[in-house]
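Worksheet: one structure, shown below.
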Amino acid sequence: MAGVGLAAAASWVPCRRRGWAVVSFGFHRGLSALLARKPERAPWWLAACRQKTSVSFLSRPDLPNLAYKKLKGKSPGIIFIPGYISTMNGTKALAIEDFCKSLGHAYIRFDYSGIGNSDGNLKECTVGKWRKDVLSIIDELAEGPQTKKDIEMKGVWAMPSKYSEEGVYRIQYSVIKEAEHHCLLHSPIPVNCPIRLLHGMKDDVIPWHTSVQVADRVVSKDVDVILRKDSDHRMKEKADLQLLVYTIDDLIDKLSTVIN
């Protein structure tokens, strides 16, 4: 995931879901300093009313169940990774929860196996096992696009889409893997004909900036990027269709003049 970690003391912990930030083991200057100052008046975000949330458990085949608490909210979400022998009810974990709650961001805190409310025997735990705990939390609880490893294991990516009746497009891993051989934006695209790129600026599937990148990469000098401010991914409204037809008509005239 592409979220920025607020602290990165445990470099072996990968962040594998877009839209989530991971707060790990130690804290650098910032939140830790704020908590250590013991101000006369608590920060504004600590004043938010805490709602009691029951402990949930993540069931895992052949692995201890993990206790966790999840706060729903907007992206980017935050995942708090406790320090050694610490639980999800520590001061920092609860402070960050209040902070996320006040701003409406998603938040997850949990206990390692063998610690707190999670199953498992502490005497049998290792850093490697706790690493698996972290990955389980990220993969199973953090909402967002699937991770690369998950696609490889399952062989299919259920990509959320409002354009599908099922709510997702199921893309085979073989399609994704083979598509890697057809990436074009890393080098000049040898197309010399007139090109018109129409893109809706409210496209929530493919950013309109992609059309600008394509225009920059093609070798043709006759390239126009036409952006529609209120159009979405499908561009099927009446005004969109008129623009499409007018653009094609203009190209036909242009090419007919060149040929004649």
> Mind checking whether Val175 and Tyr169 sit in one hydrophobic cluster, side chains of I, L, V, M, F, W, Y counted as touching below 4.5 Å?
Replying inline: yes

For Arg196 and Thr247: C-alpha separation, side-chain torsions, deciding distance, then whether side chain to side chain donor-acceptor pair (under 3.5 Å) applies. CA-CA 8 Å; Arg196 303 294 180 266; Thr247 303; over 6 Å; no

Q: Show your reasoning for whether side chain to side chain contact (heavy atoms under 4.5 Å, CB included) applies to Ile108 and Lys69.
A: CA-CA 6 Å; Ile108 297 174; Lys69 290 191 177 183; over 6 Å; no

Okay, side chain of Asp240, backbone of Glu237: is any donor-acceptor separation there less than 3.5 Å? yes

query = Is the side chain of His199 donor-acceptor paired with the backbone N or O of Ile206 at a distance under 3.5 Å, no angle test?
reply = yes

Here the pair of heavy atoms bringing Val191 nearest to Val218 is O-CB, 4.3 Å

Between Glu178 and His182 the two heavy atoms that sit nearest each other are OE2-NE2, 2.7 Å

Where the side chain of Arg109 meets the backbone of Met88, is there a donor-acceptor pair that is under 3.5 Å apart? yes

Here the pair of heavy atoms bringing Ile85 nearest to Leu122 is CD1-CD1, 4.0 Å

Assess the residue pair Ser220 and Asn192 against the criterion (side chain to side chain donor-acceptor pair (under 3.5 Å)); give the C-alpha distance rounded to whole Å, side-chain angles, the decisive distance to 0.1 Å, and a yes or no. CA-CA 4 Å; Ser220 174; Asn192 253 318; 5.0 Å; no

So CD of Glu97 and CD1 of Ile78: to nearest 0.5 Å the spacing works out to 12.5 Å

| field | N/O donor-acceptor pair under 3.5 Å between Ser113 side chain and Pro64 backbone | value | no

Task: Contact check, side chains of Asp230 and Lys202, non-hydrogen atoms, under 4.5 Å - done: yes

Is there a side-chain contact between Ile195 and Asp222 (heavy atoms, below 4.5 Å)? no

Quick note, salt bridge (Lys or Arg N to Asp or Glu O under 4.0 Å) partners involving residues 159-168, not counting sequence neighbours, are Lys162-Asp204, Glu166-Arg170

Between Phe57 and Asn117, the two heavy atoms sitting closest are CE2-O, 3.1 Å

Quick one: do Leu66 and Asp111 satisfy side chain to side chain contact (heavy atoms under 4.5 Å, CB included)? Show the steps, please. CA-CA 6 Å; Leu66 298 180; Asp111 286 335; over 6 Å; no

Here the gap from Met201 atom CE to Arg228 atom CZ, rounded to the nearest 0.5 Å, amounts to 12.0 Å

Looking only at heavy atoms, the pair that brings Leu185 and Arg217 closest together is O-NE, 2.8 Å

To the nearest 0.5 Å, atom CD1 of Ile189 lies from atom CD of Gln213 at 10.0 Å

Lys129 (side chain) donor-acceptor with Glu124 (main chain) under 3.5 angstrom: yes

Kindly say whether Lys101 contributes a backbone atom to a donor-acceptor pair with the side chain of Tyr107 at under 3.5 angstrom? no

| task | Could you check Leu227 against Val225 for side chain to side chain contact (heavy atoms under 4.5 Å, CB included), going step by step and ending with a plain yes or no? | result | CA-CA 6 Å; Leu227 301 177; Val225 178; 3.9 Å; yes

- Sub-3.5 Å donor-acceptor pair from the side chain of Ser136 to the main-chain atoms of Lys132, do we have one? yes

d(Leu243 CG, Leu198 CG) to nearest 0.5 Å is 4.5 Å

Review point. Counting N and O atoms only, with roles assigned by atom type, does the side chain of Ser164 sit under 3.5 Å from a partner on the main chain of Ser161, one being a donor and the other an acceptor?
Key: no

Here the gap from Tyr112 atom OH to Tyr84 atom OH, rounded to the nearest 0.5 Å, amounts to 11.5 Å

Subject >> Heavy-atom side-chain proximity of Trp130 to Asp133 below 4.5 angstrom >> reply: yes

Within the distance-only criterion (no hydrogens, no angle test), does the side chain of Trp208 pair as donor or acceptor with the backbone N or O of Asp203 below 3.5 angstrom? no

Cluster overlap Leu58 with Ile138, hydrophobic side-chain contacts below 4.5 Å
yes

Notebook entry, point to check: Is there a chain of hydrophobic side chains (I, L, V, M, F, W, Y, each step under 4.5 Å between heavy atoms) that links Leu197 to Ile226?
Noted result: no

Residues Cys125 and Gly114: closest non-hydrogen pair is SG-CA, 4.1 Å

Next on the checklist: Please determine whether side chain to side chain contact (heavy atoms under 4.5 Å, CB included) holds for the pair Arg131 and Leu135, giving the CA-CA distance in whole Å, both sets of side-chain angles, and the decisive distance to 0.1 Å.
Outcome noted: CA-CA 6 Å; Arg131 179 179 185 273; Leu135 297 182; 3.6 Å; yes

For Arg234, the salt bridge (Lys or Arg N to Asp or Glu O under 4.0 Å) test, sequence neighbours excluded, returns none

Quick check on the hydrophobic clustering: are Leu184 and Val212 connected, directly or via other members, by side-chain heavy-atom contacts under 4.5 Å? yes

CG of Leu141 to CZ of Phe110, rounded to nearest 0.5 Å, is 9.5 Å

